[in-house]
Amino acid sequence: MTRATKLTSVILLAAVLSGCAAGRAFRRGEQSSLRGDWDEAVVYLRDAVQKAPDRADYRIALDRAMLNASSVHVNLARDLEAKDQLDAALLEWKKVTEYDPANRQAAAKVNELDRKIRERIEAGRPRPPIEQLRQQARQTSAEPTLNPREPLGAVRFTNASVRDILNFIADSTGINVTYDPTYQDRSYSVQLDGVTLESALRQILSANNLFYKVLDQRTIIVVPETPQKRIQYDEQVIQTFYVSNADITELVQNLTNLTRLANLPIAPVIVPNRTANTITVRGTTTMVAIIEQIIRANDKPRAEVIIDVEILEINRERAKQYGLNLAQYGVEAVFSPEAPPTVGAAGGLQAPPFNLNTISQGISLADF
């Protein structure tokens, strides 16, 4: 038997063995499908398709098994989510995306549950000391808020006195309204439905160049909107903000640029402390609240890049078994420095005789 015949026989034998293995995997997959074990069916049918990729019936059976497995895991995921078992539900939705990558609902559910789980973990963690200090600072500097006894109903007036409109709102909600000595009354038309007390006061007073200050939970004072009155009535507070991640110098520069307004009656004072990594602010309660929002929006940890690396090991055993073996082959070379070699009677190359003086003159690769 020639070497080519042996190689052909080996290839045929490998093909037959591969076909038999694919058939066994396919039959096991069909048996798992009959039992309703779609996960196991997918494993066997994938093996069958890998060993016999040209079999269309194997691919069809695999697609059917993956579709059924996806449906089973969708039902499991919904049941677990209804029982508030979010971790287990997330695993089931991930299996759905594995079996059915085109399922957008499953992909959206994976993102949603992942976000909910992270929020629960963050909510369950103890607050860091810096957050507790921030909460204490907000409580000590908080100004009083209105607490009406009754909700505000419809407000409809045509060419009525602003004082009469405010007195009507005060009687409806159970609050007290006082007026600055420089207050001047005027006529105003208004129609408001379904708004809160604060929203109604803000709209009416802003339209008439007025503002109000909360004295306690039941009392407000109405004041003309002028820089002098703002300086007189706006309370100033001092609050210290603790910074964890942002650069103090850069953050103070941003705050100064954002709060530097030409028509601001009381400009805030911002003082950094690089040693304690804090920022102390003096200003009105409204401006301090705005500065706090800016600090919290910028005091974030630096973004991190997470890289998932998967190492795949290639098995070269079959390539060694069925590949080409060149150990028994050789390369024939003829040394012929003076003339080209001639073909002998047996078909091999023969080198003509040469003078030894040729070697003394030097040889090169062209002489072979």
Side-chain angles (χ1 to χ4, degrees), residues 1 3-118 120-121 305-325:
M1 183 180 295
R3 182 175 290 104
T5 305
K6 291 181 179 179
L7 182 60
T8 304
S9 301
V10 170
I11 295 175
L12 292 176
L13 178 60
V16 171
L17 293 176
S18 177
C20 294
R24 287 195 300 270
F26 176 74
R27 287 191 295 273
R28 290 179 179 178
E30 289 293 296
Q31 293 173 1
S32 300
S33 300
L34 294 176
R35 294 195 305 269
D37 190 350
W38 297 108
D39 289 334
E40 185 179 276
V42 169
V43 173
Y44 284 126
L45 292 174
R46 277 178 176 170
D47 187 25
V49 171
Q50 290 176 358
K51 293 177 179 176
D54 297 333
R55 293 290 299 267
D57 54 341
Y58 289 3
R59 294 197 301 271
I60 294 173
L62 176 60
D63 292 340
R64 183 179 67 251
M66 293 179 66
L67 183 61
N68 289 325
S70 172
S71 178
V72 170
H73 287 288
V74 165
N75 295 331
L76 289 174
R78 289 174 177 172
D79 293 340
L80 291 170
E81 190 175 357
K83 297 176 182 178
D84 202 32
Q85 299 178 13
L86 299 187
D87 293 331
L90 178 61
L91 295 178
E92 294 298 329
W93 282 117
K94 287 183 177 179
K95 290 181 180 179
V96 174
T97 58
E98 178 185 350
Y99 291 134
D100 188 7
N103 193 331
R104 295 183 179 180
Q105 180 189 7
K109 276 292 184 180
V110 169
N111 296 331
E112 178 186 351
L113 292 182
D114 187 57
R115 177 181 56 80
K116 286 184 178 180
I117 292 172
R118 288 200 308 268
R120 289 189 179 184
I121 294 174
V305 179
I306 300 177
I307 302 176
D308 292 334
V309 179
E310 183 178 3
I311 300 176
L312 302 179
E313 182 179 357
I314 301 176
N315 188 353
R316 301 181 181 273
E317 183 178 355
R318 287 192 176 181
K320 293 180 179 179
Q321 291 178 355
Y322 305 124
L324 296 178
N325 184 7

* **Atom pair NE2/CD of His73 and Glu92 - distance to nearest 0.5 Å** => 5.5 Å

* Might you work through the side-chain contact (heavy atoms from CB on, under 4.5 Å) test for Asp47 and Val49, ending with a clear yes or no? => CA-CA 6 Å; Asp47 187 25; Val49 171; over 6 Å; no

* Are the charged groups of Lys116 and Glu112 less than 4.0 angstrom apart, N to O? -> yes

* **Close side-chain approach of Glu81 and Leu113, heavy atoms under 4.5 Å** => yes

* **Inter-residue atom distance Ser70.OG - Glu98.CD, 0.5 Å rounding** => 10.5 Å

* Asked: Ignoring hydrogens and geometry, is there a side-chain-to-backbone donor-acceptor pair from Ser32 to Arg28 under 3.5 Å?
  -> yes

* Is it true that Arg35 and Glu40 make a salt bridge, defined as a side-chain N closer than 4.0 Å to a carboxylate O? -> yes

* To do: Look at the side chain of Asn68 and the backbone N and O of Arg64, then say whether any donor-acceptor pair between them is shorter than 3.5 Å.
  => yes

* Calculate, to the nearest 0.5 Å, the distance between atoms CG and CG belonging to Asp63 and Leu45 respectively. => 10.0 Å

* **Electrostatic pair Asp79:Lys83 at N-O distance under 4.0 angstrom** => no

* **Heavy-atom pair of closest approach, residues Thr97 and Ala107** => CG2-N, 3.8 Å

* **Val42 side chain reached by Tyr99 side chain, heavy atoms, under 4.5 Å** => yes

* Asked: Of all heavy-atom pairs between Leu90 and Val110, which one has the smallest distance, and what is that distance?
  -> CD1-O, 3.6 Å

* Within a strict 4.5 Å, meaning less than it, do heavy atoms of the Trp93 and Arg78 side chains meet? -> yes

* Under a 4.0 Å N-O cut-off, is there an ion pair linking Arg120 with Asp84? -> yes

* Heavy atoms, side chains only, cut-off 4.5 Å: are Leu62 and Ile60 in contact? -> no

* To do: Inspect the contact between Glu30 and Arg24 and indicate whether a charged nitrogen and a carboxylate oxygen are less than 4.0 angstrom apart.
  => no

* Asked: Going from CG on Leu91 to CG on Leu76, what distance comes out if it is rounded to the nearest 0.5 angstrom?
  -> 11.5 Å

